[in-house]
Chemist: 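Provided herewith is a single structure, encoded as structure tokens, for subsequent inquiry.
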Amino acid sequence: MARRVLPAIVLAFTLAASSFLSNAGVAEAAWWRWDRLFPICGHGHGHGDGHSRVASIVTEDVYRSFFKHKDDAECPAHGFYSYTAFLRAAERFPKFGADGDQATRKREVAAFLAQISHETTGGWATAPDGPFAWGLCFKEEINPPINYCDANNTQWRCVPGKSYHGRGPIQLSWNFNYGPAGKALGFDGLNNPELVASDPEVSFKAALWFWMTPRAPKPSCHGVMVGRYRPSAADAAANRTAGFGLTTNIINGGLECGRDDVPQVNDRIGFFRRYCGLLGVDVGPNLDCAHQQPYS
């Protein structure tokens with residue numbers, strides 16, 4: 001049964017969530033040119049082992065313990081982000097949670113869930129069960145200031161009347177993201193971006209597609225977390241070292257990296273520490289990106 005909270009708490013909850021969403025990964029994507037993507041590979045189309053592979057790391061009980069309040073009435077996404085949808089989406093990406101030893105696999109899944117938790121957080125400092133128990137509370141950006149249409153992108157042209165604001169666990173945004181995401185996953189992302197916030201399986205697939213896909217000069221978050229990242233000379237000069245902090249740089253480095261004590265970065269790390277603790281795995285090196293130069 002959902003908690004009932006006082007209006008003042010509801011206001012604080014909404015303001016905190018809106019602040020995080022408005023400053024999360026959607027803001028930096030203007031320079032992520034998906035027309036320069038590496039060819040998508042290793043995603044696979046098979047079914048059958050996704051449930052056992054990912055469920056062996058995150059059981060349904062663990063999933064509930066991660067996202068204690070995602071189905072509270074106060075969360076706009078309540079009832080949306082089901083465990084079943086998460087597992088079905090994972091089937092589409094058979095390398096997710098499958099590369100490396102058991103600790104590496106757990107750490108990658110914890111990193112992915114931590115990053116999407118920050119992007120969809122409904123937590124605040126004094127929230128019940130703490131601020132890091134409120135992931136997956138939102139499924140789209142609150143009061144987007146623009147429609148996130150890059151009219152200069154001629155490959156993925158905006159459809160009149162459509163908004164490409166942040167949706168889903170990763171807060172997918174911009175026409176040049178929705179277009180290739182839809183193409184890769186089998187839906188019309190430009191004409192029907194709303195699907196990312198209306199179909200929970202598509203929503204998780206879009207987030208995992210983003211996580212698994214490298215784009216020059218950025219590696220994939222997956223590659224970073226499983227030890228496949230090999231820094232270039234430019235990466236080494238920019239101190240872009242492997243670890244959870246580099247996934248933050250990939251997602252939103254232009255706003256959050258290269259400086260100390262950034263609240264958004266601390267929030268991402270807080271979720272990651274909690275999830276790694278629940279999975280019984282260490283967090284690994286380089287948690288933040290304070291001393292990394294962004295990719296811009």
Side-chain angles (χ1 to χ4, degrees), residues 16 19-33 36-38 99-101 103-121 123 125 130-132 135 166 169-171 173-174 177 207 210-277 279 281-296:
S19 174
F20 276 121
L21 288 173
S22 64
N23 289 287
V26 298
E28 192 192 11
W31 54 269
W32 291 357
R33 306 303 306 207
R36 300 175 189 169
L37 285 178
F38 288 121
D99 274 355
D101 59 21
T104 299
R105 294 170 57 216
K106 286 182 176 181
R107 197 177 296 113
E108 184 200 1
V109 174
F112 170 75
L113 295 177
Q115 292 289 10
I116 67 172
S117 292
H118 168 78
E119 298 292 335
T120 59
T121 183
F132 308 123
I170 208 72
Q171 290 292 282
S173 57
W174 295 97
N177 292 352
F210 182 92
W211 183 263
M212 301 295 293
T213 305
R215 44 216 163 265
K218 298 180 178 185
S220 70
C221 294
H222 168 77
V224 168
M225 292 306 301
V226 302
R228 297 188 181 278
Y229 167 63
R230 298 294 179 266
S232 66
D235 289 323
N239 198 37
R240 291 193 285 261
T241 51
F244 181 74
L246 187 54
T247 69
T248 298
N249 199 340
I250 291 168
I251 292 169
N252 204 30
L255 290 180
E256 300 180 19
C257 297
R259 50 200 176 97
D260 291 313
D261 201 27
V262 177
Q264 295 94 331
V265 174
N266 294 338
D267 191 68
R268 296 176 193 273
I269 293 171
F271 278 111
F272 184 51
R273 286 189 183 279
R274 178 170 180 263
Y275 296 164
C276 283
L279 292 179
V281 65
D282 65 272
V283 296
N286 304 316
L287 285 181
D288 65 45
C289 56
H291 302 293
Q292 296 181 18
Q293 294 178 19
Y295 283 93
S296 54

Chemist: What I'd like to find out is whether the side chain of K218 reaches to under 4.5 Å of the side chain of N249, using heavy atoms alone.
Modeler: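 No, their side chains stay 4.5 Å or more apart.
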
Chemist: Quick check: do D288 and T248 have side-chain heavy atoms less than 4.5 Å from each other?
Modeler: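 They are not in contact (no side-chain heavy atoms under 4.5 Å apart), so the answer is no.
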
Chemist: Any donor-acceptor pair under 3.5 Å linking the side-chain atoms of N239 with those of H291?
Modeler: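 Absent: no donor and acceptor within the cut-off.
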
Chemist: Under the side chain to side chain contact (heavy atoms under 4.5 Å, CB included) rule, what do W211 and T247 come out as? Steps first, then yes or no, please.
Modeler: CA-CA 9 Å; W211 183 263; T247 69; 4.1 Å; yes

Chemist: Given R107, which partner from the list V283, D101, D282 fulfils the side chain to side chain contact (heavy atoms under 4.5 Å, CB included) test?
Modeler: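 The passing option is D282.
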
Chemist: Is it true that a side-chain atom of D235 and a backbone atom of S232 form a donor plus acceptor pair closer than 3.5 Å?
Modeler: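 Yes; judged by distance alone, with no hydrogens or angles, the pair exists.
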
Chemist: For V281, does its backbone N or O pair with a side-chain atom of K106 as donor and acceptor, under 3.5 Å?
Modeler: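 No; judged by distance alone, with no hydrogens or angles, the pair does not exist.
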
Chemist: Got N252 and R268 here, is their nearest side-chain heavy-atom distance under 4.5 Å?
Modeler: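 Counting from C-beta outward, N252 and R268 do come under 4.5 Å.
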
Chemist: Report yes if some heavy atom in the side chain of F112 is under 4.5 Å from a heavy atom in the side chain of C221; otherwise report no.
Modeler: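 Heavy-atom side-chain distance check fails, nothing below 4.5 Å.
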
Chemist: With side chains defined as the heavy atoms from C-beta onward, is the minimum distance between F132 and D267 less than 4.5 Å?
Modeler: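 Yes - at least one pair of side-chain heavy atoms lies under 4.5 Å apart.
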
Chemist: Look only at the side chain of R240 and the backbone of A237, and say whether a donor-acceptor pair between them is shorter than 3.5 Å.
Modeler: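 Flag not set: sc R240 to bb A237 has no pair under 3.5 Å.
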
Chemist: Any idea which heavy atoms bring T121 and P131 closest together, and the distance?
Modeler: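 Closest heavy-atom pair between T121 and P131: OG1-O, 4.2 Å.
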
Chemist: Would a 4.5 Å heavy-atom cut-off, applied to side chains only, mark R228 and D99 as touching?
Modeler: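 They are in contact (side-chain heavy atoms under 4.5 Å apart), so the answer is yes.
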
Chemist: Could you check whether any side-chain N or O of N286 sits under 3.5 Å from a backbone N or O of A242, counting only pairs where one atom can act as donor and the other as acceptor?
Modeler: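 Yes, the answer is positive, given that a donor and an acceptor are paired below the 3.5 Å cut-off.
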
Chemist: Under a 4.5 Å cut-off applied to non-hydrogen side-chain atoms, are V265 and C289 in contact?
Modeler: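 V265 vs C289: side chains touch.
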
Chemist: What distance separates M225 CE from S220 OG, expressed to the nearest 0.5 Å?
Modeler: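 M225 atom CE to S220 atom OG measures 11.0 Å (nearest 0.5 Å).
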
Chemist: Tell me, with the steps shown, if E108 and H222 meet side chain to side chain donor-acceptor pair (under 3.5 Å).
Modeler: CA-CA 7 Å; E108 184 200 1; H222 168 77; 2.7 Å; yes

Chemist: To check you understand the geometry: which heavy-atom pair defines the closest contact between I251 and E119, and what is its length?
Modeler: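 Between these two residues, the closest heavy atoms are CG2-OE2, 3.6 Å.
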
Chemist: Shortest non-hydrogen contact from Y295 to L246?
Modeler: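 What the structure gives for the nearest pair is OH-CD1, 3.4 Å.
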
Chemist: If you measure only the distance, is there a donor-acceptor pair under 3.5 Å linking the side chains of Q171 and T120?
Modeler: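 T120 and Q171 do not have a side-chain donor-acceptor pair below 3.5 Å.
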
Chemist: Between P219 and I250, what is the shortest heavy-atom contact and its length?
Modeler: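 Closest heavy-atom pair between P219 and I250: O-CD1, 3.5 Å.
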
